[in-house]
Each structure stands twice: as C-alpha cells, then as structure tokens.
Q: 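Encoded as structure tokens, here's the structure I'll be asking about.
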Amino acid sequence: MENVKALLRQAALAYYTGKPFMSDEEFDRLAELHNFEEVGTTDGRYSHIYRLYSLQKIFDNELEQKNPFQTYKKPVIVSPKLDGAAVALTYLGGNLHRVLTRGDGKKGLDVTHLVKHLVPNKITTGLSKSLLQITGEIVAPKSIKNARNYASGALNLKDVEEFQTRQLHFIAYHAEPFLHDTFTNSMAVLKNSLGFSTVLDSDWNEYPQDGIVFRVDSHKDFINFGYTSHHPRGSYALKVRQEGKITTLVDVIWNVGKSGVVAPVAILKPVEIDDARVSRATLHNMAHIEALGLEIGCKVEVIRSGEIIPVSYTHLTLPTKA
C-alpha cells in the first residue's frame with residue numbers, strides 16, 4: 001500500500017507542475033481504493049500551486065524616479081490595494097479543493113473549512129476540468145475597528161459558526177492559469193462566469209485599503225516584464241507617505257536581534273496610528289541616536305510604513321542604559 005501512496009504523491013506533484021503521467025480517472029480510482037489523502041508538511045502548511053508574490057511598493061514622492069511603466073505605452077490597469085488577509089483558492093475539476101493563507105508566498109495554512117463559506121464551492125464553466133488558483137483578499141468593513149486584524153484574525157478561529165457570523169467578503173484580484181489575454185478580461189470571467197467579486201468591480205471604499213495597484217493589462221507583457229525574487233515587475237503598489245503623529249519618548253531599551261546585534265528600541269507613550277496601538281519603535285543604532293541628540297521626554301514623530309519608524313526628533317541625549 002505504501003508503494004501505491006508514494007506513486008500517488010508523485011502523480012499529484014506531476015499534475016500540479018503541469019506534467020501529469022496519470023489520467024484523472026486513474027488517479028481518483030487509486031486514491032479511493034487506497035484511502036489516499038494529500039498531507040501537508042510537518043508544520044501543517046501546504047504548498048501553493050502558484051507562488052504568491054508580494055508587490056513592489058513605491059511611495060508617491062518616489063514615483064517620478066521609480067515608476068517602472070514610464071516608457072510603457074500600452075494600457076495599465078488601476079485597482080485598489082485592499083488591506084485584509086490574502087488567501088489562495090484551488091479548484092480541481094470545478095470543485096473547491098483547498099484554501100490556503102498567503103503564508104510566505106510559497107506555503108500557507110489550510111483554512112478551507114472556514115473560507116468555503118465565503119466563496120463558490122463549485123464553478124461550472126468550460127474551465128471546470130482544469131486546475132485553477134484564484135487569489136484574493138478577505139476583508140472586513142472599515143466601520144469595524146481594527147478591520148484588518150478582524151479579517152486576518154478570523155482565519156485563526158476554531159469555531160466555524162463564529163467565522164460565519166463575521167462581516168467578511170472575499171474579493172479576487174488574480175487567477176492562474178490566466179483566464180484570458182488581459183487582466184481586465186480575466187477579472188470579467190471571474191465575475192460574470194464564476195460568480196466572484198473582483199477588484200475591478202468597484203472602488204471598494206467601504207473596506208480598508210493601503211494603496212493603489214498599477215498593473216499592465218496584457219498578460220503576455222506582464223510575463224515578459226519578469227519577476228524579482230520577491231515581486232512581479234509588471235505591477236506595483238503606489239502608497240502615500242503618511243503624516244506622522246507626535247508622541248513622547250518614555251525610555252530606551254536595548255534589544256538583541258536574531259543576528260546577535262544589540263540595537264536600541266524606543267519606548268513611546270502609546271499612540272494610535274491606522275488602528276494600530278504603537279508603543280515601540282526601532283532607533284537603529286547608537287550613531288543614529290547621537291546624531292539626533294535624543295533625550296527622555298522629548299517629542300517624537302512616528303509614521304507607519306510597513307513597520308513603525310521614527311522619522312524626526314527634537315533635543316536628544318541618550319539615557320545611560322546597558
């Protein structure tokens with residue numbers, strides 16, 4: 001039996017990589033006879049069929065220098081960058097097979113038992129016999145405090161009934177293999193044929209957003225732009241440099257990082273920024289502090305830009321802490 005299961009694992013991997021050596025009928029028959037079910041890695045994570053890349057982030061004051069589409073003359077599509085929890089849906093034979101959290105982009109946690117209550121469990125089109133991965137964002141109305149945490153936290157719930165009571169919506173923004181020759185037409189297929197909400201259906205202002213996404217419309221050109229190790233070159237997220245909030249430096253402590261480097265950390269009088277309660281911020285190194293002349297009790301301005309970063313200070317001398 002173990003030899004058969006090993007064969008089925010190889011067949012499943014070959015199928016997902018586009019090189020099947022066994023028909024669907026043969027696979028299904030063997031899997032049923034030998035009670036075969038796919039298993040995840042030892043940490044409970046499963047591999048995404050297609051990798052989930054992050055987006056390159058460009059701030060509004062950097063756009064003139066960093067815009068990758070300055071010389072590109074074909075259509076570029078603009079859509080909202082929704083701020084929730086990214087998940088990938090896998091459909092096999094038209095049926096919802098698995099839903100994974102984004103994780104590290106390569107592997108994610110299985111949340112099928114929860115998300116199946118938000119999305120179509122079966123798609124009935126000419127594509128129903130193929131493998132399809134649909135990626136999108138689970139979002140909650142921004143009228144809910146800490147809406148992003150509310151949405152992402154829902155994926156950790158053990159109680160399915162509690163998950164179903166939450167105000168959540170799945171909005172698709174990607175599908176692989178591509179459903180048409182352009183991004184616009186692919187989103188139209190998702191909406192009109194498969195029954196999904198997509199990022200092109202609305203401005204979605206009722207949900208939290210953290211930027212605007214620019215993407216070349218042509219899928220062929222998108223592929224030709226290529227990828228870095230982290231993101232596609234055929235799209236980027238435009239973000240506005242947020243104004244800071246003023247608070248007080250209460251203390252400075254020393255933190256040992258993973259690399260063993262000791263770095264100073266600012267302890268701040270708590271302040272709320274974008275629904276996040278901020279009470280700590282990195283100070284990078286001693287030279288950075290000395291150059292700014294920090295002292296306990298001074299006013300500091302903090303901004304949230306992916307992480308909490310102090311950007312300006314007044315009066316400083318460092319407290320003697322070791």
Q: Can you name the side chain to side chain donor-acceptor pair (under 3.5 Å) partners of Glu176, sequence neighbours left out?
A: His174
Q: So, do Arg215 and Phe222 sit near enough that their side-chain heavy atoms are less than 4.5 Å apart?
A: yes
Q: My understanding is that only residues two or more places apart in sequence, or in another chain, count here; which of them pass side chain to side chain donor-acceptor pair (under 3.5 Å) with Thr112?
A: Asp110
Q: For Phe214, which residues count as a ring pair (Phe, Tyr, Trp, His ring centres under 6.0 Å) partner, sequence neighbours excluded?
A: Tyr236
Q: Return the set of residues passing side-chain contact (heavy atoms from CB on, under 4.5 Å) with Lys158 (not counting sequence neighbours), or none when no residue passes.
A: none
Q: Among the clusters formed by ILVMFWY side chains lying less than 4.5 Å apart, do Tyr173 and Ile223 turn up in the same one?
A: no
Q: Quick one: does Val115's side chain get under 4.5 Å of Leu89's, heavy atoms only?
A: yes
Q: Ser143: which residues meet the side-chain contact (heavy atoms from CB on, under 4.5 Å) condition with it, sequence neighbours left out?
A: Pro141
Q: Which heavy-atom pair separates Tyr50 from Pro177 by the least distance, and what is that distance?
A: OH-CG, 3.4 Å
Q: Does Tyr53 have any side-chain contact (heavy atoms from CB on, under 4.5 Å) partners at least two apart in sequence or in another chain, and if so, which?
A: Arg51, Tyr227, Pro232
Q: Between Asp104 and Arg45, does at least one N-O distance fall below 4.0 Å, as a salt bridge requires?
A: yes
Q: Would you list the atom pairs, donor with acceptor, under 3.5 Å between side chains in residues 61-70 and any protein atom, with sequence neighbours excluded?
A:
residue	atom	partner	partner atom	Å
Glu62	OE1	Phe59	N	3.0
Asn67	OD1	Phe69	N	2.9
Gln70	NE2	Glu64	O	2.4

Q: Of all the heavy-atom pairs spanning Ser152 and Ala85, show the shortest one and how long it is.
A: CA-CB, 3.7 Å
Q: Within a strict 4.5 Å, meaning less than it, do heavy atoms of the Tyr46 and Lys107 side chains meet?
A: no
Q: Report yes if the side chains of Ser235 and Leu55 come closer than 4.5 Å at any heavy-atom pair, otherwise no.
A: yes
Q: For His169, which residues count as a ring pair (Phe, Tyr, Trp, His ring centres under 6.0 Å) partner, sequence neighbours excluded?
A: Trp204, Tyr207
Q: Could you go through the side-chain contact (heavy atoms from CB on, under 4.5 Å) check for His113 and Val160 one step at a time?
A: CA-CA 7 Å; His113 63 298; Val160 175; 4.0 Å; yes
Q: Flag the pair Ile296 / Asp251 as yes when at least one side-chain heavy-atom distance between them is below 4.5 Å, and no otherwise.
A: yes
Q: Identify whether Leu132 and Val119 are in the same connected component of the hydrophobic contact network (ILVMFWY, side-chain heavy atoms under 4.5 Å).
A: yes
Q: According to a hydrophobic-cluster definition based on side-chain heavy atoms being under 4.5 Å apart (Ile, Leu, Val, Met, Phe, Trp, Tyr only), do Leu118 and Val139 belong together?
A: yes
Q: Can you check whether Leu268 reaches Val250 side chain to side chain, under 4.5 Å on heavy atoms?
A: no
Q: Any side-chain heavy atom of His48 sitting closer than 4.5 Å to one from Leu100?
A: yes
Q: Could you tell me if Ser47 and Lys106 have a donor-acceptor pair between their side chains, going purely by distance under 3.5 Å?
A: no
Q: For Asp221, which residues count as a salt bridge (charged side-chain N to carboxylate O under 4.0 Å, His left out) partner, sequence neighbours excluded?
A: Lys74
Q: Decide whether Ile123 and Met187 are clustered together by the hydrophobic rule: side chain heavy atoms of Ile, Leu, Val, Met, Phe, Trp, Tyr closer than 4.5 Å, transitively.
A: yes
Q: Going by salt bridge (charged side-chain N to carboxylate O under 4.0 Å, His left out), name the residues that satisfy it together with Lys81, two or more places apart in sequence or in a different chain.
A: Asp210
Q: Would Leu200 and Val78 show up in the same hydrophobic cluster when neighbours are defined by side-chain heavy atoms closer than 4.5 Å?
A: no
Q: Provide the closest heavy-atom pair for Thr101 versus Leu155 in the form atom of the first, atom of the second, distance.
A: CG2-CD1, 4.1 Å
Q: Give me the atom names and distance for the closest heavy-atom approach of Gly195 to Pro120.
A: O-CG, 4.3 Å
Q: In chain order, what residues pass the side-chain contact (heavy atoms from CB on, under 4.5 Å) check against Arg166, with sequence neighbours excluded?
A: Tyr150, Ala154, Leu157, Glu162, Leu168
Q: What heavy-atom pair brings Ile134 and Leu190 nearest, and what distance separates the two atoms?
A: CD1-CD2, 3.7 Å
Q: Which atom pairs, one a donor and one an acceptor, fall under 3.5 Å between side chains of residues 178-186 and the rest of the protein, sequence neighbours left out?
A:
residue	atom	partner	partner atom	Å
His180	ND1	Asn185	ND2	3.4
Asp181	OD1	Asn185	ND2	3.3
Thr182	OG1	Asn185	N	3.0
Thr182	OG1	Asn185	ND2	3.2
Thr184	OG1	Asp217	OD1	2.9
Thr184	OG1	Asp217	OD2	3.3
Ser186	OG	His180	N	3.3
Ser186	OG	Thr182	O	3.0
Ser186	OG	His219	NE2	2.9

Q: Determine whether more than 12 heavy atoms belonging to other residues, nucleotides or ligands lie under 6.0 Å from atom CD of Glu206.
A: yes
Q: Is there side-chain contact between Val252 and Ile267, with at least one heavy-atom pair below 4.5 Å?
A: no
